[in-house]
Amino acid sequence: MKILNFGSLNIDRVYNVSQFVSEGETILAKSLKIFPGGKGLNQSIAAARAGASVIHAGAVGPEVEFLVGFLRSNNVNVENIKRTNEETGHAVIQVNSSGQNSIIVYGGANQLLDDAYIEHILNCGETGDIVLLQNETNSIGKIIRAAHDHGLYIVFNPSPFPRNMENIPIELVDCFMVNEIEGATLAGLSLPIQQELILDSLIKQYPNSSFVLTLGSKGAIYRSNAECCKHNAFGVQAVDTTAAGDTFCGYFLAGLCSKKKTIFQCLQEASAAAAIAVSRAAAAPSIPTYSEVHSFLLSQEHNMEIFE
Ligand code: RIB
């Protein structure tokens, strides 16, 4: 079982600031660093570092060998990445003194996936393989319909949340990976609201889908018609929360691919990986290897407070 990830590839320009810039304000950044990023790239790296077999599908512009090379050196299959003359996607990321972020993404080449390319990638899959999507590339609805026709297992992380959900056949998605805001919006509810009510509503509306609701420092919950499972977050000092959700997503899916793990184990490894990522700077470079996650879990054995 492998993952076909239709995902963004971004150059992340990370500005360290004391506080996020406000409307009409100009501030000085304390530092600027440039990293590989993009929700798609980050999720491919996380899944591959967790041991999954990953084919990355996406598009870049000229002179971005460091993005493709970074994926390749992490054992992600990059043979099908499309080269274009459009500008590569990029993100302007402010990270404040509490490690929280604020992000603007410019899509660029990420928006150039066409029908022939989508079909070519889907033909690389076999029945039951995972097709993973975020919302930083184009043609999401088309990819979901086509992936369904190919008998693939569709995982959708609707981030950033789509402005127009009407073009997306939500009922064909097998598994949603959402944070609290995305989950509530998908359910048609407004925050603040109890997490259980978000999941109750989602399951009622989309009974054939499963949901992974990530709650930051409050942990994560998996819910399907057959199963409900929770895991607390591991407490760490936040340095930079960028890509924590992507790390969680990639690790969780790698766990599913292994077929030997319970949902609880998948949540546990994903929570540990996300905690490590939060304790480090940057997006993709902060994603831990599987052996780091394993050691972290051993070190936490004494204080695991878990719910099932
Ligand atoms: O989720 C983090 C990612 O969001 C960053 O790497 C940035 O590129 C944006 O896509």
Side-chain angles (χ1 to χ4, degrees), residues 5-17 20 29 32-49 54 56-61 64 66-71 74 76 81 86-96 99-113 132-138 140 155-163 176-183 212 214-216 220 238-253 270-271 273-288:
N5 183 8
F6 283 89
S8 56
L9 299 121
N10 292 340
I11 298 168
D12 283 359
R13 298 176 70 86
V14 182
Y15 300 86
N16 270 93
V17 295
F20 298 145
L32 163 65
K33 290 193 178 130
I34 297 176
F35 299 107
K39 291 184 196 307
L41 178 145
N42 299 337
Q43 294 179 15
S44 279
I45 295 287
R49 287 191 174 170
V54 184
H56 193 95
V60 289
V64 282
F66 87 104
L67 290 184
V68 179
F70 186 71
L71 284 166
N74 279 279
V76 175
I81 290 179
E86 182 64 49
E87 191 169 341
T88 297
H90 65 260
V92 175
I93 304 181
Q94 298 176 66
V95 176
N96 69 12
Q100 301 303 313
N101 63 49
S102 166
I103 304 180
I104 301 173
V105 173
Y106 175 72
N110 290 311
Q111 301 294 323
L112 295 182
L113 309 184
L132 172 60
L133 301 144
Q134 313 79 29
N135 191 34
E136 287 185 346
T137 53
N138 64 308
I140 300 297
V155 179
F156 184 32
N157 169 219
S159 180
F161 199 84
R163 282 211 198 110
F176 283 93
M177 311 275 316
V178 286
N179 64 23
E180 219 169 351
I181 299 174
E182 292 152 2
V212 180
T214 54
L215 302 163
V239 171
D240 181 351
T241 57
T242 314
D246 300 333
T247 304
F248 187 100
C249 178
Y251 260 83
F252 181 83
L253 295 181
S271 304
I276 299 171
V278 161
S279 68
R280 298 173 174 171
S286 72
I287 299 168

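Quick caveat, the model's predicted, so the values are computed rather than measured. Indexing begins at 1, ligand by ligand and atom by atom, following the structure's order.
Taking Ser44 as the reference, Asn5, His56 meet the side-chain hydrogen bond (donor to acceptor under 3.5 Å, both in side chains) condition, with sequence neighbours excluded. Residues meeting the side-chain hydrogen bond (donor to acceptor under 3.5 Å, both in side chains) test with Asn138, sequence neighbours left out: none.
Using a 4.5 Å heavy-atom cutoff, the side chains of Asn135 and Phe161 are not in contact.
Looking at atom 4 (O) of ligand 1, its nearest protein heavy atom turns out to be Lys39 NZ, 3.2 Å. Scanning the protein heavy atoms around atom 3 (C) of ligand 1, the nearest turns out to be Asn42 ND2, 3.7 Å.
Residue Gly38 has at least one heavy-atom neighbour below 4.0 Å for each of these atoms of ligand 1: 5 (C), 6 (O), 7 (C), 8 (O), 10 (O). Atoms of ligand 1 found under 4.0 Å from any heavy atom of Glu136 (numbered from 1 in listed order, with element): 4 (O), 9 (C), 10 (O). Atom numbering of ligand 1 starts at 1 in the shown order; those under 4.0 Å from a heavy atom of Asp246 are 1 (O), 2 (C), 3 (C).
For Ile34, the CD1 atom counts as densely surrounded, since its 6.0 Å shell holds more than 12 non-hydrogen atoms of other residues, nucleotides or ligands.
Neither the backbone nor the side chain of Leu41 has a heavy atom within less than 4.0 Å of ligand 1.
Backbone and side-chain nitrogen or oxygen atoms of Asp12 are examined, and one is located within less than 3.5 angstrom of a nitrogen or oxygen of ligand 1. Considering backbone and side-chain N/O of Ser8, none are found under 3.5 Å from N/O of ligand 1.
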